[in-house]
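One structure is given below, encoded as structure tokens.
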Amino acid sequence: MEQQMYTPFKDPSFRGWIGTGREDITPPVGIYARNWGAAKHEVSAGIHRPLTLTCFSFQSAANDTPLFLISADLGWWKSAADERNLREGILEALSIHPDQLMFCLTHTHAGPSTFTEDAGKPGGHFIAPYLEKVKQAAISACKNALANACTATLSWHYSKCDLAKNRELPEKETARILTGLNSTKQADDTLLVGRVTNEEGAVIGVVVNYACHPTTLGADNQLISPDYIGALREVVEGATHAPCLFLQGASGELAPAEQYSGDTSLADQYGRQLGYATLAALEAMQLPATALEFTGVVESGATLAMWNKTGFSPSAVKQAEMQPVSLPLKDLPSLAAIEAAWEACEDHVAKERLWRQRGIRKTVGDGDTSNMPLWVWQLGDAILVGQPNEAYAAFQQQLRAALAPAAVAVINIVNGYAGYLPPAASYHDQSYAVWQTPFAPGSLELLTAAATAISQRMILSK
């Protein structure tokens, strides 16, 4: 009787040249840092934890064109010009093309302003020099990653962490959706962990892709902080002695249960929770380039299926594309109308909203559609999808279902920012995300279709 064949059980992997770089990007105390409309302070009063910038470089071989994946402890971009100035400076310094760089923000809400038009506000004079510091730090981290790159294997493993909760709470007796814990609605708790190991089997890097708004610290907090990501790194790096790079997932409607706090210990608690979940995922992984293979049946008290370790050669395929996706815009006020309303407004909360709306209108333009860039990378058996906006979790859930068994890392706020991307069915809700977004219903679905098509084409072409 012919032995039935079974697919080997293995972690999705990439084998190539991989390097890491890390720089400190903590801003000066006193920089303008008013991230909340309800805040009473304008400038930072101190540092909870340092902000960092981490870069991993990926090549198929030592002389191959590199890809640079950067994670920076920053919130979001209010100006396309500020983001473009930083990114184009990095591209020029490294002599690389736009598809080779993903500059990802962790989305902390306790960081400094990145908006040079805030220069006239208290502490605003620090912003332009600080952005130059971040640019130089990114260039240095990328160069250091290339300099210490070595033959390594990147392996991926899906796990779970229940830190993230749904944050869209229907208000009783009104049609409003409050931005806060809704314990009755299921949240995406998927945790994707990447482990980089060198030829000797030592861990030299860890990637954590998780979707959860870093909004633990709110209007009462006056300290610069990476939010929960700081303690996450401390836990993971303390155990592995290797840099941990965090990628914010599709977290549009996801956040911790308790948030908007002034208590930094709460952010540390959440970071440890995600950190220990990451360590558990690392323990669950196979050894690098090792799979379990079905080797036959052993008759015992039960009929035993025997799966034993076997080696395999991880894929060295590396592909990268950047494609614009045309997204329809809502019927928005013109830039001139927003600026006039801002000048006339005397309520500080409403004025803050108008200032943000102004930045968004400048980013998307005055037309009916806006081209939003989409980055898709293939690293062996994994797909990395990055885009500038705050997509809801449906984006990552649908991509992962469509692209299985590939590991799929989905990243929000990559190389820019404009607004939220809720599912079309959410637009009847009176929620902050629907109010804030410049994009019309169906935009998330268009982005999902584009990302799926590019990814499937890459997988089939390898």
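Since the structure is predicted, the reported quantities are computational estimates derived from the model, not experimental observations.
Contact record, L446 with S326: CD1-O, 4.0 Å, taken as the closest heavy-atom pair. Residues Y392 and P422 come closest through the heavy atom pair CD1-CA, 3.5 Å. Nearest heavy atom pair, residue F68 against residue C55, reads CD2-SG, 3.8 Å. Considering every non-hydrogen atom in both W377 and D99, the closest pair reads NE1-O, 2.9 Å. The shortest non-hydrogen separation linking M458 to V376 is CE-O, 3.2 Å. When all heavy atoms are compared, the tightest approach of R233 to C244 is CD-O, 3.5 Å.
Below 30°, between 30° and 60°, or above 60°: for H109 and W76 the angle between ring planes is between 30° and 60°, a tilted geometry.
Under the salt bridge (charged side-chain N to carboxylate O under 4.0 Å, His left out) criterion, no residue pair touches residues 426-439, with sequence neighbours excluded. Pairs passing the salt bridge (charged side-chain N to carboxylate O under 4.0 Å, His left out) check and including a residue from residues 138-160, sequence neighbours excluded, read K160-D189. For residues 86-97, the salt bridge (charged side-chain N to carboxylate O under 4.0 Å, His left out) pairs, not counting sequence neighbours, are E83-R87.
There is a side-chain donor-acceptor pair under 3.5 Å between T54 and R22. Judged purely by distance below 3.5 Å, without hydrogens or angles, the side chains of E171 and T174 pair a donor atom with an acceptor atom. Between the side chains of E390 and H213, at least one donor N or O lies within less than 3.5 Å of an accepting N or O. Residues D162 and Q273 have side chains that bring a donor and an acceptor to within less than 3.5 angstrom of each other. Side chains of T153 and R15: a donor-acceptor N/O pair is present below 3.5 angstrom, by distance only. In summary, the side chains of D188 and Q396 do present a donor paired with an acceptor at a separation below 3.5 Å, with no hydrogens or angles considered. Side chain to side chain, T106 and Q248 fail the donor-acceptor criterion of an N or O pair below 3.5 Å. In the model, D227 has no side-chain atom that pairs as donor or acceptor with a side-chain atom of T108 under 3.5 Å. In the model, N412 has a side-chain atom that pairs as donor or acceptor with a side-chain atom of Q387 under 3.5 Å. Under the 3.5 Å distance criterion, with hydrogens and angles disregarded, a donor-acceptor pair is assigned to the side chains of Q259 and T215. For D381 and S315, the side-chain atoms include no donor-acceptor pair closer than 3.5 Å.
Residues L67 and L379 form a side-chain contact, since some pair of their non-hydrogen atoms from C-beta on lies under 4.5 Å apart. F395 places a side-chain heavy atom less than 4.5 Å from the side chain of V385. Looking at P388 and I413, their side chains never come closer than 4.5 Å, going by heavy atoms from C-beta outward. In this structure, L403 and Q456 have side chains that are in contact, with non-hydrogen atoms separated by less than 4.5 Å. Counting only heavy atoms from C-beta outward, the side chains of Y228 and R272 never approach each other to under 4.5 Å. Taking the side chain as every heavy atom from C-beta outward, W17 and L146 never approach each other to under 4.5 Å. Residues R361 and L329 have side chains in contact (heavy-atom distance under 4.5 Å, counting atoms from C-beta outward). You'll find the side chain of V207 stays beyond 4.5 Å of the side chain of V193, heavy atoms only.
A ring-centre distance under 6.0 Å is found for Y420 and Y432. Checked against the 6.0 Å centroid criterion, the rings of W36 and Y260 qualify as a close aromatic pair. A ring-centre distance under 6.0 Å is found for F294 and Y6.
With hydrogens and angles ignored, the 3.5 Å screen pairs no side-chain donor or acceptor of N221 with any backbone N or O of L217. In this structure a side-chain-to-backbone donor-acceptor pair under 3.5 Å is missing from Q378 to S455. With hydrogens and angles ignored, the 3.5 Å screen pairs a side-chain donor or acceptor of E445 with a backbone N or O of A424. Between the side chain of Y130 and the backbone N or O of S113 there is no donor-acceptor pair closer than 3.5 Å. Between the side chain of T452 and the backbone N or O of T448, at least one donor-acceptor pair lies under 3.5 Å. A donor-acceptor contact shorter than 3.5 Å links the side chain of T290 to the backbone of P288. Remark: side-chain polar atoms of S251 are not paired, donor with acceptor, to backbone N or O of L254 under 3.5 angstrom. Although no hydrogens or angles enter the test, the distance criterion places a donor-acceptor pair under 3.5 Å between the side chain of K330 and the main chain of T437. Side chain of T26 to main chain of L51: a donor-acceptor pair is present (N/O by atom type, distance under 3.5 Å, no hydrogens or angles). Although no hydrogens or angles enter the test, the distance criterion places a donor-acceptor pair under 3.5 Å between the side chain of N148 and the main chain of T20.
Between Y417 atom OH and M372 atom CE the span is 11.0 Å, to the nearest 0.5 Å. Here Q398 contributes atom CD and L447 contributes atom CG; the two are 10.5 Å apart, rounded to the nearest 0.5 Å. Distance CD/E253 to OG1/T179: 11.5 Å, rounded to 0.5 Å. The distance from the SG atom of C161 to the CG atom of L274 is 5.0 Å, given to the nearest 0.5 Å. Atoms CG and CG, on L421 and L327 in that order, are 6.5 Å from each other to the nearest 0.5 Å. In this structure, W435 CH2 and Q430 CD are separated by 13.5 Å, a value rounded to the nearest 0.5 Å.
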**OP:** Any chance you could lay out the side chain to side chain contact (heavy atoms under 4.5 Å, CB included) test for V208 and L191, step after step, and finish with the verdict?
**Re:** CA-CA 7 Å; V208 177; L191 167 63; 3.8 Å; yes

Original post:
Please walk me through it: do T114 and K78 pass side chain to side chain contact (heavy atoms under 4.5 Å, CB included)?
Top reply: CA-CA 7 Å; T114 59; K78 294 182 181 179; 5.5 Å; no

**OP:** Evaluate side chain to side chain contact (heavy atoms under 4.5 Å, CB included) for N389 paired with F439, printing each intermediate quantity in order.
**Re:** CA-CA 10 Å; N389 297 299; F439 303 111; 3.6 Å; yes

Subject >> Evaluation steps, salt bridge (Lys or Arg N to Asp or Glu O under 4.0 Å), between E321 and R457 >> reply: CA-CA 11 Å; E321 287 190 26; R457 173 167 48 77; 2.6 Å; yes

Subject >> Criterion side chain to side chain contact (heavy atoms under 4.5 Å, CB included) on R358 and L354, from CA distance to verdict >> reply: CA-CA 6 Å; R358 172 184 176 271; L354 286 166; over 6 Å; no

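Counting non-hydrogen atoms of other residues, nucleotides and ligands closer than 6.0 Å to CG of N371 gives a total above 12.
Cation-pi contact between K318 and F14: absent, since separation from the ring centre below 6.0 Å together with deviation from the ring axis within 45° is not met.
Looking at D73 and R49, no side-chain N of the basic residue comes within less than 4.0 Å of a carboxylate O on the acidic one, giving no salt bridge. With respect to the salt-bridge test (charged N to carboxylate O, under 4.0 angstrom), the residues E117 and K362 qualify.
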